[in-house]
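Notes for the one structure printed next.
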Amino acid sequence: MDFGLSQDQQMLRDTVARCLADTCPLDHVRECAEGEASYSEKVQSALSELGITGMMVPEQHGGLGMTLLDAAVVAEQLAYAVAPVPFLASHVLAPIALAQAGNEQQQAEWLPQIASGKAQIAVAIAETIEVRDGAGVSCNGGKLNGTALFALDFTGAEAFLVADTAGRMHFVPADAPGLEKIPLTTTDRTRSVGEMRFETVAAEPLANDGGATAARLRDAGRVILAADSLGAGQAMIEKAVDYAGQREQFGRIIGSFQAVKHMCAEMAARHEPCRSLIWYAAHAFDAASDEATLAACHAKSHTGEVYRFVARTSTEVHGGMGFTDLLGLHYWFKRIGFDRQVLGGPEAVRAEAAARQGWTRAA
C-alpha cells in the first residue's frame, strides 16, 4: 500500500512550486507586506489560471472537486514561498461550507465565482473555539448582532461566512447595512484578518445542522494551517542549512561546528514526522470522518509546538543576521506564529482533543 502522495498530487505540488518561484520572489513578498495591499494580484491571478481557486469547488459548479489533501499540498507550497494571497478561507473553507450547507441558490450564485477567482469570501469561526469578552454573534429573526473577530481572508472579500453563538453559519454580503468592517493588524503581513461588528444585519442562514458545518470548517482549517506551518518550516530549515554552509567564523564554515550541526539535525528530526501526520489528517477529513476531528487536533497542536522550535532555532543558526530584514527570515517566522494561534493554540486544541476522548471534562 502506498502511503505517499499520488502522482497527480506530486505534479500539483511541483506545478504550484514552479508558479510561485516565477511570480513570488521574496522582493515581491516584501513589497506587498510593506505596502497598502495585503495580497498580490499577480500571484493570485497566476494561481487562478492553474485552477487553484476552484480546487475545492464541486465539479458541477465549475470547480475541480479535489480533496483536502490536495489543498494541504498547495498550502505547503504557498507557505514555502510566503505567498501573500487569500487561500484558507476563500478557497478552502468557503467552498466546503457552501457545498455542505448552502442552499441551491447560494451554491449556484457563489461557487462558480469562487472557482473562477472572481469572488473572495472571508470566514469568521473563531468564536466557535474561544470567545473573548465582548465578542460573539447572536441571531434573532434573521438579523445578526455582536462582534466576530479574526475573520480570515478579510481584505477584498465580497462576502462573509459567519458563525453565530449556536454554531450556525450565516452568509453576509460585504455591503450589508449595519455591518462595520475593521481590518486588524497581525504579525503576519502576508495574510489579512479583520473584525466585523453587526448591528441588526440581515443575513442568509446556511442549513441548521447543529453546528456540524462549523465543526467541519474547524477541522479543515486546522489541517491547512498545519500544512502551512510545514511549508514555512521547510523553508526555514533549508535557509539555516544554506547559511551554515556559507558563513565563516574563526576561519571555518559554521556548519562544521558540532553545535550548529546538532541544531540543524534537531530541526529536521522534528520536522519530518509532521509531514505524515498532516497528510493523514487531511486524508481522514475526506475518507475517515470518525477520525477527522481528532487527527486535525493532533496535527494542529503538534505542529504548533514543532514549528515554534524550528522558527526559533533557524533564527539562532543565522545569528544576528536572522533578526534583520535583509534575509527576510522573519516572514516565515511570523507566518508560523500566526498558524500557531489561529483556530486555537496548542494548549486549547490539546484540551479539546482530551475532552473528546473522555480524558477530561469539556470546558
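The basis for the numbers below is simple: all heavy atoms, side chains too, and nothing from hydrogens, waters or symmetry mates.
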Does this structure show an ion pair linking Lys143 with Glu199, if we count only N-O contacts that are shorter than 4.0 Å?
no
Decide side-chain contact (heavy atoms from CB on, under 4.5 Å) for Tyr280 and His283; before the verdict, give the C-alpha distance in whole Å, the side-chain angles of both, and the deciding distance to 0.1 Å.
CA-CA 5 Å; Tyr280 181 75; His283 165 76; 4.0 Å; yes
Applying ring-ring contact (aromatic ring centres under 6.0 Å, His included) to Phe154 and Phe160, what does each step give before you reach the verdict?
CA-CA 8 Å; Phe154 181 82; Phe160 301 90; 5.7 Å; yes
Tell me, please, which residues at least two apart from Arg275 pass salt bridge (Lys or Arg N to Asp or Glu O under 4.0 Å).
Glu76, Glu272
Going through the distances and angles, do Glu34 and Arg30 end up as a side-chain contact (heavy atoms from CB on, under 4.5 Å)?
CA-CA 6 Å; Glu34 295 177 355; Arg30 187 176 281 112; 3.4 Å; yes
salt_bridge(Glu305, Arg350) N-O dist < 4.0 Å:
yes
Closest heavy-atom pair and its distance - Leu179, Ala174
CD2-O, 3.8 Å
Does Ser90 reach the main-chain N or O of Ile121 with its side chain, forming a donor-acceptor pair under 3.5 Å?
yes
Parallel, tilted or perpendicular: ring planes of His271 versus Tyr307, cut at 30 and 60 degrees
perpendicular
For Ala281 and Val223, the nearest pair of non-hydrogen atoms, with its separation, is CB-CG2, 3.9 Å
When you measure from the side chain of Thr190 to the backbone N and O of Pro84, does any donor-acceptor pair fall under 3.5 Å?
no
Using a 3.5 Å distance criterion without hydrogens, assess whether the side chain of Ser48 forms a donor-acceptor pair with backbone atoms of Gln44.
no
Give a yes or no on whether a salt bridge exists between Arg191 and Asp339, defined as a side-chain N under 4.0 angstrom from a carboxylate O.
yes
I'd like to know if the side chain of Gln357 reaches the main chain of Ala353, judged simply by a donor and an acceptor atom lying under 3.5 Å from each other, with no hydrogens or angles considered.
yes
Using a 3.5 Å distance criterion without hydrogens, assess whether the side chain of Ser45 forms a donor-acceptor pair with backbone atoms of Glu41.
no
Pair Phe171 and Trp110, ring centroids less than 6.0 Å apart
yes
Ignoring hydrogens and geometry, is there a side-chain-to-backbone donor-acceptor pair from Glu195 to Pro183 under 3.5 Å?
no
Heavy-atom closest pair, residues Met196 and Ala151:
CE-CB, 3.9 Å
Checking Asn145 against Ser138 for the side-chain hydrogen bond (donor to acceptor under 3.5 Å, both in side chains) test, could you report, in this order, the C-alpha distance in whole Å, the side-chain angles of both residues, the deciding distance, and whether it holds?
CA-CA 5 Å; Asn145 289 280; Ser138 61; 5.0 Å; no
Taking only Lys NZ, Arg NE, NH1 and NH2, and the carboxylate oxygens of Asp or Glu, determine whether Arg312 and Glu266 approach each other closer than 4.0 Å.
no
Donor-acceptor under 3.5 Å (Ser314 side chain, Met236 main chain)
yes
Donor-acceptor check, side chain of Asp153 to backbone of Phe87, threshold 3.5 angstrom: yes or no?
yes
Salt bridge check, Arg356 against Glu352: does any charged N sit closer than 4.0 Å to a carboxylate O?
no
Backbone of Ser6 reached by a side-chain donor or acceptor of Gln9 within 3.5 Å:
yes
